[in-house]
Amino acid sequence: MLAFFPPHFAPEWTNTVSMTADGEQKVEDAFTIQESDCCGNGCTNCILDNKPKPSQRALLAGKRNIILKYTRFRLLQRDSHKGDDQVLFLHFAADSDEKDDCVLDIPPGHHVMLRIGSLLRPYSPYWTDFASKEFKILVKLQPDGPMSKNLAAMQLNDRLEFRGPIGNYQHDPAVTKCIFIIAQGVAIAPTLLLVGQVLENEDDMSRIWHLVCSPDLQHVYFRDQLLEFAKYWNYRSCLYVPHQQCGSAACLVAGHCIQECDELRRSLRYKERVCLHRLDASELESHANPAIPGLRVLIIAGDSGFQQAMGEAAARALAVAQENVYLL
Ligand SMILES: Cc1cc2nc3c(=O)[nH]c(=O)nc-3n(C[C@H](O)[C@H](O)[C@H](O)COP(=O)(O)OP(=O)(O)OC[C@H]3O[C@@H](n4cnc5c(N)ncnc54)[C@H](O)[C@@H]3O)c2cc1C
């Protein structure tokens, strides 16, 4: 294993030195995880079971993964989602006084922990940059949520502490797969990295079905990005928007837009496929494509209720073995 380490790599890079109240020097390994590192929200990929590991990519570059221990990141940009100011796009960069011997490696399918005092909450980046040590997250503010209050008050150049990467998802491009990704609301964010990882590798013969569940089109995030993905031969998406509603008489009577709705058609872009009902078992079966070869993998990104409701039914309908189901 040591053979992978560049000549100047020293494990001490991962240590933090601090003083105890008695004035003694205390050296803490960045990989040490304590009960207090868990946010207590019962995450599927809890940090206690998925402790941040050294990054092979960083080691090969002869650098340290800056986020392995809590590190300050500066807010570079903050934007609200068009039409919903409770949804924020936040762009962070490692604080400029952080050393140059570092990179930022948050692999697709992994999340980071945000810490403010003793308050901990996980967030899943949708974009990261290895060399400039930057990442972006999409945040839905929860009414009366303690972390949401902090994030809502953030101004440009404010600093926050993050640590990671946390998760267990791995993708081997040498194994051809049928990858079914089911994403709910803002949880579509981390799935963009999973899709990009496959499509940007010409040698990867895996195919992706991206099934996106949101109340309506206005709450389908990253629509432009999905249309970019649709240019690839091995990507298909479908948007499930059961609460899409225009003001026409027929749609008001139906309680949601109907398939023939002109206004809906006008709001769709080229190649966008939309269903005006929930993603249920029979709909899932329509995506199964049993004749297409490849290892079948299912990824479900959403809150725990969604993961539970979708998990078993989707694995059955899409013929995915339980060991190939990943919950983000
Ligand atoms: C692995 C993981 C990754 C996550 N990534 C993101 C992310 O990228 N962006 C993001 O916005 N959030 C993400 N979350 C949720 C996030 O960690 C916080 O829970 C959320 O920001 C609310 O925090 P809070 O302290 O404001 O409110 P909390 O005290 O956590 O929650 C307030 C209320 O909102 C409910 N609630 C919390 N989250 C959700 C949700 N997602 N959907 C519906 N109800 C909810 C809670 O049950 C509670 O009733 C992730 C969660 C996990 C487990």
Side-chain angles (χ1 to χ4, degrees), residues 33 37-53 67 70 73 75 77-81 84-92 104 106-128 134-154 158 160-170 181-196 212-216 219-222 225 240 242-243 278 299-311 325-328:
I33 300 291
D37 289 311
C38 164
C39 67
N41 289 338
C43 307
T44 312
N45 295 311
C46 175
I47 190 169
L48 300 180
D49 308 318
N50 298 275
K51 69 176 194 173
K53 296 182 232 12
I67 203 162
Y70 275 109
F73 285 79
L75 182 64
Q77 201 172 338
R78 171 201 161 115
D79 296 298
S80 301
H81 179 60
D84 187 348
D85 61 4
Q86 295 305 293
V87 176
L88 305 178
F89 296 83
L90 303 177
H91 183 171
F92 293 94
L104 174 66
I106 307 170
H110 287 58
H111 61 269
V112 293
M113 192 68 85
L114 166 60
R115 173 173 82 176
I116 300 183
S118 59
L119 182 64
L120 301 171
R121 290 286 183 272
Y123 292 93
S124 309
Y126 65 87
W127 178 90
T128 72
E134 295 174 29
F135 68 93
K136 298 179 186 176
I137 54 174
L138 175 67
V139 172
K140 182 169 169 47
L141 301 175
Q142 298 295 335
D144 301 322
M147 192 58 90
S148 299
K149 278 190 190 152
N150 283 297
L151 291 175
M154 277 205 74
D158 282 355
L160 285 180
E161 288 184 323
F162 291 93
R163 180 189 197 182
I166 305 158
N168 60 11
Y169 181 76
Q170 279 187 338
I181 304 178
I182 305 179
Q184 175 206 34
V186 288
I188 189 175
T191 71
L192 300 185
L193 290 174
L194 306 175
V195 175
V212 177
C213 304
S214 280
D216 51 34
H219 291 94
V220 175
Y221 309 102
F222 307 107
Q225 179 73 68
Y240 289 86
H243 299 294
R278 283 176 184 276
I299 298 161
I300 304 182
D303 62 32
S304 52
F306 183 80
Q307 289 175 349
Q308 259 173 13
M310 218 24 113
V325 177
Y326 295 89
L327 306 176
L328 295 193

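Whatever order the structure lists ligands and atoms in, that order sets their numbers, starting from 1. Quick note: numbers below take in every heavy atom, side chains included, and nothing from hydrogens, waters or symmetry partners. Being a predicted model, the structure only gives us computed values, none of them experimental.
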Legend entry - Taking every non-hydrogen atom, the tightest pair across Ala187 and Thr191: O-CG2, 3.7 Å
Inset, instruction - Provide, to 0.1 Å, the distance between atom 14 (N) of ligand 1 and the closest protein heavy atom, together with that atom's residue and name. - result: Pro122 O, 3.4 Å
Legend entry - Ligand-side contact atoms (ligand 1) for residue partner Ser148, heavy atom cut-off under 4.0 Å: 22 (C), 24 (P), 26 (O)
Legend entry - Pairwise distance CZ(Arg115) to CG(Leu160) - rounded to 0.5 angstrom: 11.5 Å
Inset, instruction - Identify the heavy atoms of Leu141 and Asp85 that sit nearest to each other, and give their distance. - result: CD1-O, 4.4 Å
Legend entry - Which of the ligand 1 atoms, numbered from 1, are nearer than 4.0 Å to a heavy atom of Met147: 24 (P), 25 (O), 26 (O)
Inset, instruction - For atom 25 (O) of ligand 1, state whether the nearest protein heavy atom is under 4.0 Å away. - result: yes
Legend entry - Shortest protein heavy-atom distance from atom 53 (C) of ligand 1, along with the residue and atom involved: Cys43 SG, 3.3 Å
Legend entry - Contact with ligand 1 for Ala189, non-hydrogen, under 4.0 angstrom: no
Inset, instruction - Return the option from Lys140, Met113, Gln86, His111 holding the heavy atom at the smallest distance from atom 11 (O) of ligand 1. - result: Lys140
Inset, instruction - Could you find the nearest protein heavy atom to atom 3 (C) of ligand 1 and give me its residue, atom name and distance? - result: Ser124 OG, 3.2 Å
Legend entry - Minimum-distance protein heavy atom relative to atom 30 (O) of ligand 1: Arg121 NE, 3.1 Å
Legend entry - Atoms in ligand 1 flagged as close to Leu138, the criterion being non-hydrogen separation under 4.0 Å: 7 (C), 8 (O), 9 (N), 10 (C), 11 (O)
Inset, instruction - Could you label the plane-to-plane angle of the His81 and Phe89 rings as parallel, tilted or perpendicular, counting under 30° as parallel and over 60° as perpendicular? - result: tilted
Legend entry - CE-OH distance between Met113 and Tyr123, expressed to the nearest 0.5 angstrom: 10.5 Å
Legend entry - Sub-4.0 Å protein heavy atom next to atom 51 (C) of ligand 1: yes
Legend entry - Identity and separation of the nearest protein heavy atom to atom 33 (C) of ligand 1: Gln142 CB, 4.2 Å
Legend entry - Per-atom contacts of ligand 1 with Asp303, taking only distances under 4.0 Å to non-hydrogen atoms: 42 (N), 43 (C)
Inset, instruction - Starting at CZ of Phe135, measure out to NE2 of His91 and round the result to the nearest 0.5 Å. - result: 9.0 Å
Inset, instruction - Note the single closest protein heavy atom to atom 21 (O) of ligand 1, along with its residue, its atom name and the distance in Å. - result: Tyr123 OH, 2.7 Å
Inset, instruction - Scan the protein's non-hydrogen atoms and note whether one is under 4.0 Å from atom 9 (N) of ligand 1. - result: yes
Inset, instruction - With rounding to the nearest 0.5 Å, note down the distance linking CD1 in Ile181 to CD1 in Ile299. - result: 4.5 Å
Inset, instruction - Return yes when Asn45 approaches ligand 1 closer than 4.0 angstrom through a heavy atom, no otherwise. - result: no
Inset, instruction - State the CD1-CD1 distance between Ile106 and Ile166, to the nearest 0.5 angstrom. - result: 10.0 Å
Inset, instruction - Provide the number and element of each atom of ligand 1 under 4.0 Å from a heavy atom of Gly145. - result: 24 (P), 25 (O), 26 (O), 27 (O)
Legend entry - Side chain proximity check, Phe92 to Leu104, heavy atoms < 4.5 angstrom: no
Inset, instruction - Would you check whether Lys149 has a nitrogen or oxygen atom less than 3.5 angstrom from a nitrogen or oxygen atom of ligand 1? - result: no
Inset, instruction - Kindly compute the distance separating CG (Leu151) from CZ (Arg121), expressed to the nearest 0.5 Å. - result: 10.5 Å
Inset, instruction - Indicate yes or no for a side-chain donor-acceptor contact from Gln307 to the backbone of Gly302 under 3.5 Å, with no hydrogens or angles considered. - result: yes
Inset, instruction - Look up atom 46 (C) of ligand 1 and tell me if a protein heavy atom lies less than 4.0 Å from it? - result: no
Inset, instruction - Verify whether the ring centers belonging to Tyr126 and Tyr221 lie closer than 6.0 Å. - result: no
